[in-house]
Amino acid sequence: MEIETDQIKYNHFCYKNPTAIPENFQKHSHNTYEIIFFEKGDATYVIEDKSYQLKRGDLVFIRPIKYHYIELKGTSEYSRFNVAFSKSFLDEKLPESIPDSLEIINCPKDSLIAELFARMEYYENNYDKESFVVLLRCLITELLYNMRNVKNDLSGKSAGFSPFITEAIDYINARLFTLESIREVSDSLYVSEQYLFRQFQTQLKISPKKYINSKRLLYAQDMIRRGMKPTEIYLNCGFESYPGFYKQYVKTFGYPPSQEKNVTLK
């Protein structure tokens, strides 16, 4: 079953040959929370500057605006639950209460979290969509409360990227709205722009410029959804002109800022 409303997106799929449908595994960021429960496959998950080798029963928790993607190895069958929900779907304080360091949870088959996904699958197969969305809200709420109490030994360990990438990402995110050029980042790290570009492309599969602009646009999107006018926020989000901001917004999201409140969850 697939669910997509203005607040939540849900699907539960098994991909027999996942590499044949690469559009399902794009490298991206978004303004929603996302939860993935990994059932089987040979895959690595990347969140910002951390890389996690997934195991059966791993739960991945991705926060808004975090850059992330999955890397599939070979043609192994890949199966997972995927739930993305807006900040308004639940009490926003609940997902915000999850420790920042918690991105991957190893869930044994008999754990409470694994049992929640078994119930999710049962409800998916036995209830209509409207009823399932109501139940899904309850299950996600229960899931997040359980995640807050996860013991340290169940938290997944990351392989990470080079210290250089971590330093570059930290520098960018600390100055996201005031950076005037990519040169500023490379100069701060005592490398050339070309070296910075190659490291981003090699390790994160994205250019520094796209990494910065996508995050700026997501912050702008969130501010518009909260009721602020696009013409009032573009400067605060690091864009020099409204026409430039407008053009990038349409290119990224597929619609103008004025239509933001009329679209379903992305």
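Numbers for residues simply follow the sequence, beginning at 1.
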Can a salt bridge be assigned to the pair K27 and E71 using a cut-off of 4.0 Å between side-chain N and carboxylate O? no
Do the non-hydrogen side-chain atoms of F85 and I140 ever get within less than 4.5 Å of each other? yes
Closest non-hydrogen atom pair, P257 against P230: CB-CG, 3.6 Å
Side-chain (R80) to main-chain (H12) donor-acceptor, under 3.5 angstrom: no
When you look at E193 and R198, which way does the salt bridge (Lys or Arg N to Asp or Glu O under 4.0 Å) test go after all the steps? CA-CA 9 Å; E193 289 184 64; R198 286 198 302 271; over 6 Å; no
ILVMFWY network linking F253 to M228, side-chain heavy atoms under 4.5 angstrom: yes
d(E232 CD, N236 CG) to nearest 0.5 Å is 9.5 Å
Taking the side chain as every heavy atom from C-beta outward, state whether F37 and C107 have any atom pair closer than 4.5 Å. yes
Tabulate below the donor-acceptor pairs under 3.5 Å that side-chain atoms of residues 57-68 make, not counting sequence neighbours, or state none.
unit_1: D58; atom_1: OD1; unit_2: N106; atom_2: ND2; d: 2.5
unit_1: D58; atom_1: OD2; unit_2: K55; atom_2: N; d: 2.8
unit_1: R63; atom_1: NH1; unit_2: L102; atom_2: O; d: 3.1
unit_1: R63; atom_1: NH2; unit_2: I98; atom_2: O; d: 3.4
unit_1: R63; atom_1: NH2; unit_2: P99; atom_2: O; d: 2.6
unit_1: R63; atom_1: NH2; unit_2: L102; atom_2: O; d: 3.3
unit_1: Y67; atom_1: OH; unit_2: L204; atom_2: O; d: 2.4
unit_1: H68; atom_1: ND1; unit_2: H28; atom_2: O; d: 3.3
unit_1: H68; atom_1: ND1; unit_2: K66; atom_2: O; d: 2.7
unit_1: H68; atom_1: NE2; unit_2: H28; atom_2: NE2; d: 3.1
unit_1: H68; atom_1: NE2; unit_2: H30; atom_2: NE2; d: 3.2
unit_1: H68; atom_1: NE2; unit_2: E34; atom_2: OE1; d: 3.2

Within a radius of less than 6.0 Å around NZ of K205, do more than 12 heavy atoms belonging to other residues, nucleotides or ligands occur? yes
May I ask you to check whether over 12 heavy atoms, not counting those of R148, lie within 6.0 Å of atom CZ? yes
Looking at T141 and R137, would you say the former's side chain and the latter's main chain have a donor-acceptor pair under 3.5 Å? yes
Have S207 and Q201 got a donor and an acceptor in their side chains that come within less than 3.5 Å? no
How many angstroms lie between atom OH of Y69 and atom OG1 of T44, to the nearest 0.5 angstrom? 9.0 Å
About how many Å separate OG of S97 and OH of Y145, when rounded to the nearest 0.5 Å? 7.5 Å
Less than 4.0 angstrom from a charged side-chain N to a carboxylate O is my criterion; do R56 and E39 meet it? no
Rounded to the nearest 0.5 Å, how far apart are CG of D6 and OG of S88? 7.0 Å
Listed by chain and number, what are the salt bridge (charged side-chain N to carboxylate O under 4.0 Å, His left out) partners of D222, not counting sequence neighbours? K87, R226
Residues E124 and Y10: side-chain donor-acceptor under 3.5 angstrom: yes
Between L143 and F117, is any pair of side-chain heavy atoms under 4.5 Å apart? yes
I need the F38 CZ to L54 CG distance, nearest 0.5 Å. 5.0 Å
Where do T166 and D49 come nearest, in terms of heavy atoms and distance? OG1-OD2, 2.7 Å
Apply side-chain contact (heavy atoms from CB on, under 4.5 Å) to K9 and V83, showing your working. CA-CA 6 Å; K9 184 175 182 179; V83 184; over 6 Å; no
Only one of F239, Y242, Y219 forms a ring pair (Phe, Tyr, Trp, His ring centres under 6.0 Å) with Y234, so which one is it? Y242
Checking I212 against I182 for the side-chain contact (heavy atoms from CB on, under 4.5 Å) test, could you report, in this order, the C-alpha distance in whole Å, the side-chain angles of both residues, the deciding distance, and whether it holds? CA-CA 9 Å; I212 292 168; I182 302 300; 3.6 Å; yes
Do R119 and L116 come close enough that some side-chain heavy atom pair is under 4.5 Å? yes
Between R216 and F245, is any pair of side-chain heavy atoms under 4.5 Å apart? no
Give a yes or no on whether the backbone of Y171 and the side-chain of R175 come within a donor-acceptor separation of less than 3.5 Å. yes
Expected output: side-chain S214 to main-chain Y211 donor-acceptor under 3.5 Å: yes
Is any side-chain heavy atom of Y15 less than 4.5 Å from a side-chain heavy atom of S79? no
Looking only at heavy atoms, which two atoms of L196 and S186 are closest? And how far apart? CD2-N, 4.0 Å
Looking at Q53 and A43, would you say the former's side chain and the latter's main chain have a donor-acceptor pair under 3.5 Å? yes
Is any side-chain heavy atom of L179 less than 4.5 Å from a side-chain heavy atom of V185? yes
Going by atom types only, do S162 and Q199 share a side-chain donor-acceptor pair under 3.5 Å? no
Please examine the side chains of N126 and F132, heavy atoms only from C-beta on, and report whether any two atoms are closer than 4.5 Å. no
Separation of L136 CG from Y123 OH (nearest 0.5 Å): 11.0 Å
F81 vs E121, side-chain contact (heavy atoms from CB on, under 4.5 Å): CA-CA, chis, key distance, verdict: CA-CA 9 Å; F81 289 83; E121 183 174 19; 3.9 Å; yes
Neighbour count >12 (heavy atoms, 6.0 Å) for atom CZ, F177: yes
Checking E103 against Y52: is there a side-chain donor and acceptor pair closer than 3.5 Å? yes
Is it true that Q221 and N31 share a donor-acceptor pair across their side chains at a distance under 3.5 Å? yes
Salt-bridged, E48 to K215, with N to O below 4.0 Å? yes
